[in-house]
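Written below as C-alpha cells is the structure these notes are about.
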Amino acid sequence: MSNETLTAVHDFARSKMRDDETGHGFDHIQRVVGLADRLLTAYPAADRLLTLTAAYLHDVIDEKLVTDTQAASAEVRDFLSAHDFSATQQDTIFLIMDNMSFHKTLDGTAKPLPLEGQIVQDADRLDAIGAIGIARALYFGGHFGEKIYDPAVAPRTQMTHAEYRNLGGETVINHFYEKLLTLKDLMNTAAAKGLAEHRQQVMLDFLTEFKDEWQAKR
Ligand code: ADP
Ligand code: NI
C-alpha cells in the first residue's frame, strides 16, 4: 500500500463529499485527515494508511448525509477491494466508520474503537469545536432551518438518537450545550484533549459574548 492508494482514497472521498452543503463538505474531510495525521505523530503504533483512509471515508456512509447507507457502503467496499485493501483492513475501516458517530455514543451502542478509530473520532470531534465548530454549527443550523437562539427554549440534557436527529425547536446555541461543549471530555487521546482545551475556551468566550450582545449588554 502506497501513497498512490491514499491519493485514490482522497479522490474518491472528494467526488462523494464536494457537493455537501451541511458543513460536511470535502473541506471538513481534509481538516479531519490533517488533524488525524497530526495526532498520529504522537501514536506511532497506529496504522497510518488505515487511519487516514477511515478519516477520508468517515462521512461517505453517514445516515444524515446519504439516504441509502447500504448502497453507499457497498460502493465503498468495491472501491477498497479495487485498491487491494484486505478483508481484515476493510472490516477495521467499517468498524471505525460505523461506531465513531456521536449518536452511537448517545445510544450506548457504539463498539470499542481500535487506536486508529480513536484517532479519527478525536479528529472529527476537534473539527466540531472551536472557531470552525462555531461556523459549522451555524451553517448546519441554517441549512436545516434552526433558529440561531431562543432564550425560552432550554437545552436538552438527556437525548435519544431520534431526539438528537429531531431538529424541531432546536436552536444552534442549544447545540453547543447539548453536544459541542461536551466533546472536550469525550476525547480518547491525550494529544486531542490538549488541542480541545483551547477550542473549548474559544466556544465559551463566543457564548458569553453572544448572550451579552443578545441582551444589549455590550
Ligand atoms: P456525528 O457524526 O458525530 O454523529 P453529527 O453528524 O451529529 O455528528 O454532527 C456533525 C456536526 O454537524 C456537528 O459537530 C455540528 O457542527 C453539526 N450539527 C449536528 N447537529 C446539529 C444541530 N442540531 N445544530 C447545529 N449543528 C449541528
Ligand atoms: Ni465528520
Side-chain angles (χ1 to χ4, degrees), residues 9 13-14 16-18 20-36 39 51-67 69 72 76 93 96-111 113 117-150 153-157 159-188 192 196 199-200 202-203 206-207 210:
V9 174
R14 187 177 54 188
K16 296 286 169 207
M17 308 305 295
R18 70 171 138 211
D20 176 85
E21 292 176 348
T22 68
H24 298 82
F26 194 60
D27 61 308
H28 162 63
I29 302 304
Q30 283 190 293
R31 289 190 302 273
V32 173
V33 171
L35 285 164
L39 295 176
T51 306
L52 298 188
T53 299
Y56 271 121
L57 300 179
H58 79 274
D59 275 334
V60 170
I61 62 166
D62 196 296
E63 51 151 32
K64 69 183 172 295
L65 303 176
V66 290
T67 37
T69 52
V76 171
I93 292 167
I96 295 171
M97 294 194 294
D98 287 337
N99 292 283
M100 61 179 275
S101 244
F102 185 69
H103 67 80
K104 289 265 178 173
T105 311
L106 281 180
D107 283 355
T109 57
K111 290 188 188 146
L113 294 171
Q118 294 182 23
I119 290 172
V120 179
Q121 186 179 56
D122 281 357
D124 193 33
R125 288 176 168 175
L126 282 169
D127 202 54
I129 62 179
I132 296 273
I134 294 168
R136 289 182 68 217
L138 287 159
Y139 191 79
F140 182 105
H143 184 86
F144 289 107
E146 285 173 17
K147 278 189 187 177
I148 297 176
Y149 182 45
D150 183 347
V153 182
R156 298 168 289 182
T157 46
M159 284 175 294
T160 63
H161 175 195
E163 285 162 355
Y164 177 64
R165 286 294 178 224
N166 177 4
L167 301 179
E170 175 67 324
T171 72
V172 175
I173 294 296
N174 278 355
H175 190 64
F176 285 85
Y177 298 97
E178 293 172 357
K179 174 180 179 187
L180 304 181
L181 291 172
T182 71
L183 293 179
K184 173 178 77 75
D185 292 327
L186 294 174
M187 295 293 168
N188 305 293
R199 293 179 185 225
Q200 184 83 355
V202 169
M203 292 192 292
F206 166 74
L207 291 166
F210 182 94

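Both counts, for ligands and for their atoms, begin at 1 and track the order of listing. From a predicted model like this one, the values you see are computed outputs, not experimental measurements. One is the number of the first residue; the rest follow in order along the sequence.
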Mark yes or no for whether [X], through its side chain, and [Y], through its backbone, hold a donor-acceptor pair below 3.5 Å.
| X | Y | answer |
| --- | --- | --- |
| Asp59 | Leu65 | no |
| Asp107 | His161 | yes |
| Glu178 | Pro155 | no |
| Arg14 | Phe26 | no |
| Asp122 | Asn188 | yes |
| Ser101 | Lys104 | no |

Requested in this report: Look at the aromatic rings of His175 and Phe140 and report parallel, tilted or perpendicular, splitting at 30° and 60°.
Outcome: parallel

How far is [atom] from its nearest protein heavy atom, and which residue and atom is that?
| atom | value |
| --- | --- |
| atom 26 (N) of ligand 1 | Phe140 CD2, 3.3 Å |
| atom 7 (O) of ligand 1 | Tyr164 OH, 2.5 Å |
| atom 23 (N) of ligand 1 | Glu146 OE2, 2.8 Å |
| atom 15 (C) of ligand 1 | His175 NE2, 3.7 Å |
| atom 14 (O) of ligand 1 | Ala128 CB, 3.1 Å |

Considering the heavy atoms of [X], write down every atom of ligand 1 situated less than 4.0 Å from one of them.
| X | value |
| --- | --- |
| Leu167 | 23 (N) |
| Ser101 | 1 (P), 2 (O), 3 (O), 4 (O) |
| Phe102 | 1 (P), 3 (O), 4 (O) |
| Leu180 | 14 (O) |
| His24 | 6 (O), 10 (C), 11 (C), 12 (O) |
| Glu170 | 23 (N) |

Checking Gln30, Arg199, Arg31 against Asp127 for side-chain hydrogen bond (donor to acceptor under 3.5 Å, both in side chains), the one that qualifies is Arg31

Tested for side-chain hydrogen bond (donor to acceptor under 3.5 Å, both in side chains) against His28, the lone hit among Asp124, Thr22, Asp20 is Asp124

Set out, in order, the CA-CA distance, both residues' side-chain angles and the distance that settles side chain to side chain donor-acceptor pair (under 3.5 Å) for Asp62 and His24, then state yes or no. CA-CA 10 Å; Asp62 196 296; His24 298 82; over 6 Å; no

Could you confirm whether Asp124 has any N/O/S atom lying under 2.8 Å from the Ni ion (ligand 2)? yes

message = I'd like to know if the Ni ion (ligand 2) has an N/O/S atom from Asp59 within less than 2.8 Å of it, counting both backbone and side-chain atoms.
response = yes

The NE2(His28)-the Ni ion (ligand 2)-NE2(His58) angle, to 10°, is 100°

Lys179 touching ligand 1 at heavy-atom level, < 4.0 angstrom
yes

Give yes if a backbone or side-chain nitrogen or oxygen of Asp59 is under 3.5 Å from a nitrogen or oxygen of ligand 1, and no if not. no

Below 3.5 angstrom, do we get any N/O pair linking Asp124 and ligand 1?
no

CG (Leu180) and CD1 (Ile129) are apart, to the nearest 0.5 Å, by 8.5 Å

